[in-house]
Amino acid sequence: MQFLEGKDILEGAQFNRKEIDSIMKVTDDFKQELLSSRSLDLLKGYVLATLFFEPSTRTRLSFETAMQRLGGTVIGFSGAEATSVVKGESLEDTIQTINQYVDMIAMRHPRIGSAKQAASVSTVPVFNGGDGAGQHPTQALLDIYTIHSEQGDIDGSTIVLCGDLLNGRTIHSGVELYRHYDCKLIFVAPDKLRLPKEIVEQLRTWGCKFEETNDLTNAMKEADILYMTRIQKERFENPEEYEKLKNSYVLTREMIEKANPNLKIMHPLPRVSEINTDVDPLPGAAYFRQVKNGMLVRMALLAMVAGKV
Ligand code: NCD
């Protein structure tokens with residue numbers, strides 16, 4: 001039995017280095033296979049449910065294409081308005097219902113801990129596609145894969161993570177994976193959106209090399225990777241506070257021209273204003289390639305959870 005067979009994918013912390021390496025390897029294999037065929041039939045007959053209680057473009061559509069390119073099919077909803085949730089059905093009951101139809105569930109929900117709550121009653125594996133400001137492990141894995149494919153090794157790199165580090169779930173899952181590499185992390189955020197204290201404490205316990213600052217230009221001087229994130233509007237209680245912070249960091253072409261010529265720029269997307277569009281044509285702008293990697297990594301995860309690789 002393979003290590004992911006039948007397992008839930010809930011948080012970055014569930015993976016060790018060896019496991020991350022083997023997910024990267026399976027992803028590479030699928031990438032190769034897709035060069036010669038549009039789809040495979042590894043998961044023929046399997047059905048995935050995508051239950052998205054919160055907006056999504058990439059995560060949902062990449063899970064769905066990943067399943068379809070593996071020969072499986074998909075059911076689901078995007079927005080719970082048309083489901084029995086509006087009648088007052090609990091998450092547990094919704095999950096136990098969907099369990100009767102499908103082989104796996106990918107879900108996104110606004111509440112921290114909701115994916116774990118779903119997994120605790122589910123008879124089929126649950127993929128956490130984002131639980132509020134909590135975790136987003138499949139995104140963090142595709143971020144790691146993107147660094148691998150853009151520059152090879154992660155060991156020895158300096159990675160700058162910038163934006164809403166307080167609420168950014170891709171960052172929260174990301175640090176749980178980066179800790180397995182010999183890299184330096186520089187966290188750039190406005191004071192009010194710094195990394196949660198518990199995560200900073202964990203980084204210390206793990207003995208990671210890291211710094212916190214609010215100076216992006218200075219941090220970029222030594223960066224190999226710049227990972228920009230959106231200020232998470234939907235997590236603010238006070239809209240005025242969001243207005244004040246929304247343009248804290250705006251990456252321009254000029255700033256990149258002064259940085260390391262090999263700098264790779266990543267972003268989980270959606271972008272609002274934090275990367276100027278004139279950055280897009282630069283060779284280091286990796287964020288749309290990163291989107292494609294999302295489908296490939298999710299293919300690997302679906303096949304591994306199904307026990308097929
Ligand atoms: C991220 C998310 O939903 O957490 N997007 C994604 O899944 N690619 C980032 C964000 O919404 O800012």
Side-chain angles (χ1 to χ4, degrees), residues 9-12 27 48 50-67 76 78-80 105-116 126-147 159-178 187-190 193-196 199 225-236 242 245-251 265-275 280 285-299 301-302:
I9 309 285
L10 299 175
E11 56 189 359
T27 305
L48 169 74
T50 52
L51 313 183
F52 279 65
F53 298 85
E54 245 195 2
S56 167
T57 299
R58 280 147 290 267
T59 304
R60 183 174 65 84
L61 295 179
S62 64
F63 262 114
E64 295 188 354
T65 30
M67 189 51 150
S78 173
I105 292 174
M107 66 173 270
R108 169 172 288 184
H109 193 284
R111 201 171 56 243
I112 294 180
S114 51
K116 275 194 183 163
V126 172
F127 292 82
N128 180 6
D131 60 324
Q135 289 274 322
H136 194 351
T138 64
Q139 176 72 42
L141 287 163
L142 79 88
D143 294 341
I144 295 276
Y145 183 75
T146 300
I147 304 179
I159 304 173
V160 172
L161 301 132
C162 174
D164 188 347
L165 309 184
L166 179 66
N167 299 301
R169 54 196 175 196
T170 72
I171 302 265
H172 302 167
S173 292
V175 295
E176 293 177 354
L177 302 186
Y178 292 128
F187 297 103
V188 182
L193 300 177
R194 283 168 66 171
L195 207 57
I199 299 186
I225 302 288
L226 170 59
Y227 187 92
M228 294 297 290
T229 63
R230 174 179 70 92
I231 308 295
Q232 307 276 299
K233 183 179 183 183
E234 64 276 35
R235 312 287 175 226
F236 282 70
Y242 169 72
L245 292 170
K246 70 177 184 190
N247 291 323
S248 300
Y249 299 103
V250 177
L251 183 67
I265 301 131
M266 294 170 55
H267 191 307
L269 302 180
R271 140 175 76 184
V272 185
S273 56
E274 56 283 354
I275 304 181
D280 299 0
Y287 29 95
F288 290 109
R289 297 191 287 275
Q290 193 180 347
V291 170
K292 175 136 193 198
N293 293 337
M295 178 188 73
L296 298 169
V297 166
R298 291 179 176 116
M299 284 177 75
L301 292 170
L302 289 168

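As the structure is a prediction and not an experimental result, all values here were calculated from the model. Ligands are counted one by one from 1 in listed order, and the atoms in each one are counted from 1 as well.
For R271, the salt bridge (charged side-chain N to carboxylate O under 4.0 Å, His left out) partners are D280, not counting sequence neighbours. In terms of the salt bridge (charged side-chain N to carboxylate O under 4.0 Å, His left out) criterion, R111 has no residue partners (sequence neighbours excluded). By the salt bridge (charged side-chain N to carboxylate O under 4.0 Å, His left out) test, R169 pairs with E54, sequence neighbours left out.
Here the side chain of T170 pairs no donor or acceptor atom with the backbone of Q139 at under 3.5 angstrom.
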Subject >> Trace of the salt bridge (charged side-chain N to carboxylate O under 4.0 Å, His left out) decision for K116 with E11 >> reply: CA-CA 9 Å; K116 275 194 183 163; E11 56 189 359; 3.2 Å; yes
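The residues lining ligand 1, counting any heavy atom closer than 4.0 Å, are T59, R108, H136, Q139, R169, T170, R230, Q232, P268, L269, P270.
Cation-pi geometry between R108 and F52 is not met: the NZ or CZ atom fails to fall both under 6.0 Å from the ring centre and inside 45° of the normal.
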